[in-house]
Amino acid sequence: KKAIENKLIEKTSRQCIKSEVEMQALDLELDRQDEMEDAGASIVKQLNDLKVQTDDSYRLLSVRSKFNADLSSEMNRVAEERALLRQRLQRLKEEVENSKAILSGLAKSIWGDR
């Protein structure tokens, strides 16, 4: 009876040790899976952050391109306006010179060559 009890205790002890080892192995496996899950979540977050950065970069590029196009267009419009203003200024100068010549001629005819 004592031998059977000792065998049962020994068998139960081995089963406990085996169960404990299996539990530790499963615990380590769960930890590894958690780490992999965390690493996977980190990678997913990095990918999402990169996508947001890329989208922001494309939006900024689009805005800058539109700004450059608008700026070029505005610069061309200003250059054309400046050319028109120079032409108008030249015409006004010519009108002033003509008016001076007419006034000078009128003054000579009125007062003579003084």
Side-chain angles (χ1 to χ4, degrees):
K1 184 176 176 182
K2 191 75 167 161
I4 292 175
E5 273 182 28
N6 284 341
K7 271 188 169 181
L8 285 175
I9 289 175
E10 202 175 300
K11 186 177 178 183
T12 305
S13 179
R14 279 194 304 258
Q15 283 179 336
C16 285
I17 291 171
K18 184 180 174 187
S19 293
E20 194 173 307
V21 168
E22 286 177 1
M23 282 177 39
Q24 287 175 351
L26 287 173
D27 193 35
L28 287 174
E29 178 64 22
L30 283 174
D31 287 347
R32 188 183 67 78
Q33 286 180 359
D34 285 346
E35 288 173 5
M36 288 179 66
E37 203 173 287
D38 290 344
S42 175
I43 290 171
V44 167
K45 183 182 180 327
Q46 288 175 351
L47 285 171
N48 288 336
D49 290 348
L50 249 156
K51 184 180 181 324
V52 167
Q53 262 185 338
T54 302
D55 291 347
D56 288 348
S57 295
Y58 279 124
R59 272 196 287 293
L60 182 60
L61 179 63
S62 175
V63 167
R64 285 185 178 166
S65 296
K66 183 176 180 345
F67 175 78
N68 284 345
D70 290 348
L71 182 61
S72 294
S73 174
E74 183 65 14
M75 288 175 66
N76 288 338
R77 189 191 66 73
V78 166
E80 289 171 3
E81 190 175 313
R82 182 179 287 159
L84 291 173
L85 287 172
R86 282 190 178 135
Q87 290 173 356
R88 186 169 177 210
L89 177 63
Q90 186 60 38
R91 283 193 306 270
L92 287 172
K93 284 180 181 179
E94 290 170 2
E95 285 179 24
V96 167
E97 288 302 316
N98 288 339
S99 295
K100 280 183 184 178
I102 292 171
L103 284 174
S104 178
L106 285 173
K108 282 183 185 180
S109 68
I110 294 174
W111 292 303
D113 287 333
R114 293 189 199 181

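All heavy atoms count here, side chains included; hydrogens, waters and symmetry mates do not.
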Are the side chain of [X] and the backbone of [Y] linked by a donor-acceptor contact shorter than 3.5 Å?
{"X": "S73", "Y": "A69", "result": "no"}
{"X": "S13", "Y": "I9", "result": "no"}
{"X": "S62", "Y": "Y58", "result": "no"}

Exercise. Mark yes when over 12 heavy atoms from residues, nucleotides or ligands other than R32 sit less than 6.0 Å from its CZ; otherwise mark no.
Key: yes
Quiz prompt | Enclosure of L50 CG (heavy-atom neighbours >12, cutoff 6.0 Å) | solution = yes
With rounding to the nearest 0.5 angstrom, report the [atom1] to [atom2] distance, [X] to [Y].
{"X": "I17", "Y": "T12", "atom1": "CD1", "atom2": "OG1", "value": "11.0 Å"}
{"X": "D27", "Y": "E20", "atom1": "CG", "atom2": "CD", "value": "11.5 Å"}
{"X": "E22", "Y": "Q15", "atom1": "CD", "atom2": "CD", "value": "10.0 Å"}
{"X": "K11", "Y": "I4", "atom1": "NZ", "atom2": "CD1", "value": "12.0 Å"}
{"X": "E94", "Y": "R91", "atom1": "CD", "atom2": "CZ", "value": "8.5 Å"}
{"X": "L85", "Y": "L89", "atom1": "CG", "atom2": "CG", "value": "8.5 Å"}

Practice problem: Mind running side chain to side chain contact (heavy atoms under 4.5 Å, CB included) on E95 and L92 for me, showing each step along the way? | Solution: CA-CA 5 Å; E95 285 179 24; L92 287 172; 4.1 Å; yes
Practice problem: Please collect all salt bridge (Lys or Arg N to Asp or Glu O under 4.0 Å) contacts where either partner lies in residues 49-60, sequence neighbours excluded, each pair once. | Solution: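 Counting only pairs at least two positions apart or across chains, the salt bridge (Lys or Arg N to Asp or Glu O under 4.0 Å) contacts touching residues 49-60 are K45-D49, K51-D55, D56-R59.
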Quiz item: Is it true that E10 and K7 make a salt bridge, defined as a side-chain N closer than 4.0 Å to a carboxylate O?
Solution: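 No, E10 and K7 are not salt-bridged.
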Quiz prompt | Lys/Arg-Asp/Glu bridge criterion (N-O < 4.0 Å) met for E81, R77 | solution =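 Salt bridge present between E81 and R77.
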Quiz prompt | Pairing residues for E37 by the salt bridge (charged side-chain N to carboxylate O under 4.0 Å, His left out) criterion, not counting sequence neighbours | solution =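 Per chain and number, E37 pairs via salt bridge (charged side-chain N to carboxylate O under 4.0 Å, His left out) with no residue.
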Quiz item: Are any non-hydrogen side-chain atoms of V63 and K66 less than 4.5 angstrom apart?
Solution: no
Quiz item: Between L106 and I102, is any pair of side-chain heavy atoms under 4.5 Å apart?
Solution: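 Sidechains of I102 and L106: in contact.
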Quiz item: In terms of hydrophobic clusters joined by side-chain contacts under 4.5 Å, are V44 and V52 together?
Solution: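 They do not share one cluster, since no chain of ILVMFWY contacts under 4.5 Å joins V44 to V52.
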